[in-house]
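Accompanying notes for the structure given below.
Convention: sequence-line order gives letters A, B, ...; per-chain numbering from 1.
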Amino acid sequence: MPELPEVETVARGLQRSVAGQRILNVALGKTDFIDNPDRFESELTGRTIARVERYGKFMLLRLTAKPEACGRDLDAALLVHLGMTGALTPQLSSDAHAKHTHVVMRLGDGRELRYVDPRRFGRMAYLSGKALAEELRRFGLDPLEMSLEQFRVQIHGRKARIKALLLDQSVLRGVGNIYADESLWKAKVHPAQLGARLKPPQLATLYAELQKVLKKAIALRGSSISDFRDTEGIPGEYQQHHRAYGREGKPCFRCKTAIRRIVVAGRSSYFCPHCQPRPARRSTSRKRKSEKARTK
DNA sequence: CTCGATCCCTGGACGC
DNA sequence: TGCGTCCAGGGATCGA
């Protein structure tokens, strides 16, 4: 499932392979994941992909202005979210269409940039100017670009659980379930710990481990759990370094205790019950006792 | 402000 | 082999 490292991998691949290419035409299949499909098609046709960037879990295909735009739409972009199963890859026009191919952009050099997404949890949108700026403003800082102090400001004082905060794209952008669990395991922080209750050293460790995990995962071209592939069709290798995610019942790499799975913030959360002890919840247990006493 | 529930969608795993 | 069922999960939305 594409999170920050996987999206970075794909964005770099596309930057290498399709930057500078002109989009000659656009063919759409199912369009329920595209904002305003008609406009999408007309605006993309004839535009050139200037460069490809990552923004959180989004890819931003920056587009050059149409010749007739006369200076308008200089900051137009194709926004792509891969959802769970999306793939955006350049292919030869002679290649057979994979099942669930929903967008085909014919490029100037004869290849095709194809979007394939069985579950259609992804999103595509043509955005420019104000709409693009507004869209991007909804998200927090990139975890690889933020300082420890900026991280601290986002977490301290928050009553939400740390796992929920890490997954919240308005708190920081790009982290998903895998890298949240991996960095919490490394930092020995329980996923249900409240943000406000993280001690300064824990916060500093979590910040550092999150960056380390993300950087290493990028270097290994992401995690391939089921079907993630880079733009050349090669799986990532970071899944071989997972210490918590998907390891329910298997021994912790540090202490051999069986990894447990619980649901936090509506997501499967894998953690070591020994290394990441459940936070003592003084107030809750007291409340429970007093409630029991009252009902009796 | 934060929570859980629900929906979107398909493929894969599993039980019979 | 072929059903039915459950689960995976990012994000939007809604009600508590």
Checklist entry - Between the side chain of A/Lys159 and the main-chain N/O of A/Leu194, is any donor-acceptor distance below 3.5 Å? => result no

Next on the checklist: Check for me whether the distance between the ring centres of A/Phe121 and A/Phe33 falls short of 6.0 Å.
Outcome noted: no

Next on the checklist: Without decimals, in angstroms, what is the distance between A/Arg161 CZ and B/dC3 P?
Outcome noted: 6 Å

Item to check | Value in whole Å for how far the P atom of B/dC9 lies from CG of A/Asp117 | outcome: 12 Å

Next on the checklist: Which nucleotide wins on minimum distance to the side chain of A/Ala164, given the candidates B/dC9, B/dT2, B/dC3?
Outcome noted: B/dC3

Checklist entry - Would you say B/dG11 has OP1 or OP2 under 4.0 Å from some side-chain N or O of A/His100? => result yes

Checklist entry - Going by the side chain to side chain donor-acceptor pair (under 3.5 Å) test, which pairs reach into residues 139-152 of chain A, not counting sequence neighbours? => result A/Arg54-A/Asp142, A/Ser147-A/Gln150, A/Glu149-A/Arg152

Checklist entry - Between B/dG11 and A/Lys99, is there an OP1 or OP2 to side-chain N/O distance shorter than 4.0 Å? => result yes

Item to check | Pair A/Tyr126-A/Phe40, ring pair (Phe, Tyr, Trp, His ring centres under 6.0 Å): steps then yes or no | outcome: CA-CA 5 Å; A/Tyr126 168 83; A/Phe40 179 91; 8.0 Å; no

Checklist entry - Given A/Asp181, which of A/Lys163, A/Arg261, A/Lys186 fulfils the side chain to side chain donor-acceptor pair (under 3.5 Å) condition? => result A/Lys163

Item to check | Proximal nucleotide (of B/dT2, C/dA12, B/dC9) relative to the A/Arg138 side chain | outcome: C/dA12

Checklist entry - Heavy atoms, side chains only, cut-off 4.5 Å: are A/Leu4 and A/Ile218 in contact? => result yes

Item to check | Under 4.0 Å protein heavy-atom contacts per nucleotide of nucleotides 3-10 of chain C, with B for base, S for backbone only and - for none | outcome: -----BBB

Next on the checklist: If I take atom CG in residue A/Leu194 and atom C1' in nucleotide B/dC1, what distance separates them, rounded to the nearest angstrom?
Outcome noted: 13 Å

Checklist outcome for this item: Atom NZ of A/Lys159 and atom C1' of B/dC3 are separated, to the nearest Å, by 13 Å

Next on the checklist: Once rounded to the nearest 0.5 Å, what's the spacing between atom CD of A/Glu112 and atom CG of A/Asp109?
Outcome noted: 10.5 Å

Checklist entry - Which angle, to the nearest 10 degrees, lies between the helix axes at the two ends of the helix from B/dT2-C/dA16 to B/dC16-C/dG2, each defined by five pairs? => result 40°

Checklist entry - Between A/Tyr115 and A/Asp117, is any side-chain donor less than 3.5 angstrom from a side-chain acceptor? => result yes

Checklist entry - Taking CZ from A/Arg123 and P from C/dG11, how many angstroms apart are they, rounded to a whole number? => result 11 Å

Checklist entry - Do the numbers put A/Arg243 on top of the ring of A/Phe253, so that NZ or CZ is under 6.0 Å from the six-membered ring centre and no more than 45° off the axis? => result yes

Item to check | Short side-chain N/O contact from A/Arg158 to OP1 or OP2 of B/dT2, under 4.0 Å | outcome: yes

